[in-house]
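Just so we're clear, the structure is a prediction, and the values are computed from it rather than from any experiment. Every heavy atom of this structure was used, including side-chain atoms; hydrogens, water molecules and symmetry mates were not.
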Amino acid sequence: MKERLYNIPINDAVNAGSECPLCYIERSIEQDMMDFVLGSGSSYMESDVRDKTDRAGFCREHFKKMYDYGNTLGNAWIMKTHMKRMIDESNKAFDAYSPKAYGVTSILKKSEAKGANSVTDWVRSRQNSCYICDGFKEHYDRYLKTFFDMYASDEDFKSRVLKGRGFCLPHFADMLEYAGAHLKESRQKEFADEMIPIMKAEMEKLYGDVSWLIEKFDYRNKDADWGDSKEALQNCMQRLKGGFPADPPYTAKK
């Protein structure tokens with residue numbers, strides 16, 4: 001099958017043999033975007049780029065990754081203009097604030113309804129806005145479509161997927177949701193029938209790995225083979241929530 005724009009990263013992700021190919025793609029896009037925004041190309045000095053980052057802002061996770069990335073000057077330029085926009089927006093929200101009872105019984109059970117109050121609505125809308133997250137979401141549907149197209153038409157690709165570890169739970173849920181919206185029921189069933197046993201087996205394997213990790217702390221097992229238990233914690237975390245918890249911070253290239 002001829003590789004096209006989205007085929008190449010999907011093939012690379014499946015060939016990497018990681019806990020989840022979509023996590024692999026997500027990380028690659030995230031790192032590319034951080035290089036673009038903060039790297040040596042000085043995109044942060046371009047007014048059109050900074051206008052986009054100002055409008056979208058960044059989530060808490062990506063602010064932390066940008067800080068770890070380095071480039072204090074680049075981060076400062078981005079933060080300066082973004083803070084100016086945030087001051088303007090927050091002043092409007094502050095000035096429009098008025099007390100309102102809207103049925104929240106606990107701060108841990110936040111109302112999702114709009115119209116809580118001007119400040120709460122504005123802050124929550126900003127928490128869900130991120131330039132880097134949006135960059136991945138912009139292409140996500142296309143990656144899912146390409147994956148299923150390749151899975152259906154490329155036997156070698158399908159074989160490699162079925163020999164892999166499956167996917168993290170969040171990305172697998174996305175795949176089943178996409179399949180439900182875009183694929184015929186027969187194709188949905190085929191994919192689920194082939195992948196769900198892999199997902200079940202990997203969950204059981206990870207449970208065994210983390211259980212053996214605990215047993216390795218018993219002095220009686222000090223000479224026993226670790227198996228795959230040394231990576232059990234990060235693999236379990238990734239399987240349940242996605243991402244690469246054991247990754248060191250991604251930093252600017254020197």
Completion exercise
Sequence neighbours excluded, the answer for salt bridge (Lys or Arg N to Asp or Glu O under 4.0 Å) partners of D95 is none

Practice task
May I have all residue pairs that pass salt bridge (Lys or Arg N to Asp or Glu O under 4.0 Å) and include part of residues 125-141, sequence neighbours excluded?
Solution key: E89-R126

Handout entry: Partner residues of P197 under the side chain to side chain contact (heavy atoms under 4.5 Å, CB included) criterion, sequence neighbours left out
Key = none

Exercise for the section: Look at the side-chain heavy atoms of Ile, Leu, Val, Met, Phe, Trp and Tyr, link any pair under 4.5 Å apart, and say whether Y24 and I29 land in one connected group. Expected result: no

Please tabulate, for side-chain N and O atoms in residues 173-186, each donor-acceptor pair with protein atoms closer than 3.5 Å (sequence neighbours left out).
{"residue": "D174", "atom": "OD2", "partner": "Y140", "partner atom": "OH", "Å": "2.8"}

Handout entry: Pairs flagged by ring pair (Phe, Tyr, Trp, His ring centres under 6.0 Å) wherever residues 197-246 is involved - sequence neighbours left out
Key = none

Handout entry: Pair D48 + K52: basic N to acidic O under 4.0 Å
Key = no

Problem - Non-neighbouring partners of C130 that pass side chain to side chain contact (heavy atoms under 4.5 Å, CB included), sequence neighbours left out - result: F58, C59, H62, I132, C133

Practice task
Output all residues satisfying side chain to side chain contact (heavy atoms under 4.5 Å, CB included) with K253, sequence neighbours left out; order by chain, then residue number.
Solution key: D35, Y250

Exercise for the section: Taking ring-ring contact (aromatic ring centres under 6.0 Å, His included) as the test, write out the residues that go with F147, two or more places apart. Expected result: Y151, F157, F167

Practice task
Taking the side chain as every heavy atom from C-beta outward, state whether V49 and F36 have any atom pair closer than 4.5 Å.
Solution key: yes

Exercise for the section: Mind telling me whether W122 and F94 have parallel, tilted or perpendicular rings, with 30° and 60° as the class edges? Expected result: perpendicular

Handout entry: Flag, side chain of K216 to backbone of N221, donor-acceptor distance under 3.5 Å
Key = yes

Problem - Pairs involving residues 68-78, ordered by first then second residue, that meet salt bridge (Lys or Arg N to Asp or Glu O under 4.0 Å) (sequence neighbours left out) - result: K64-D68

Fill in the blank from the handout: Using a 4.5 Å side-chain heavy-atom cut-off and chaining through intermediate ILVMFWY residues, the residues clustered with Y67 come out as none

Handout entry: Results of side chain to side chain contact (heavy atoms under 4.5 Å, CB included) for D156 - residues two or more places apart only
Key = D154, R160

Exercise for the section: Scan residues 222-232 for pairs that pass salt bridge (Lys or Arg N to Asp or Glu O under 4.0 Å), counting only residues two or more places apart or in two chains. Expected result: K205-D228

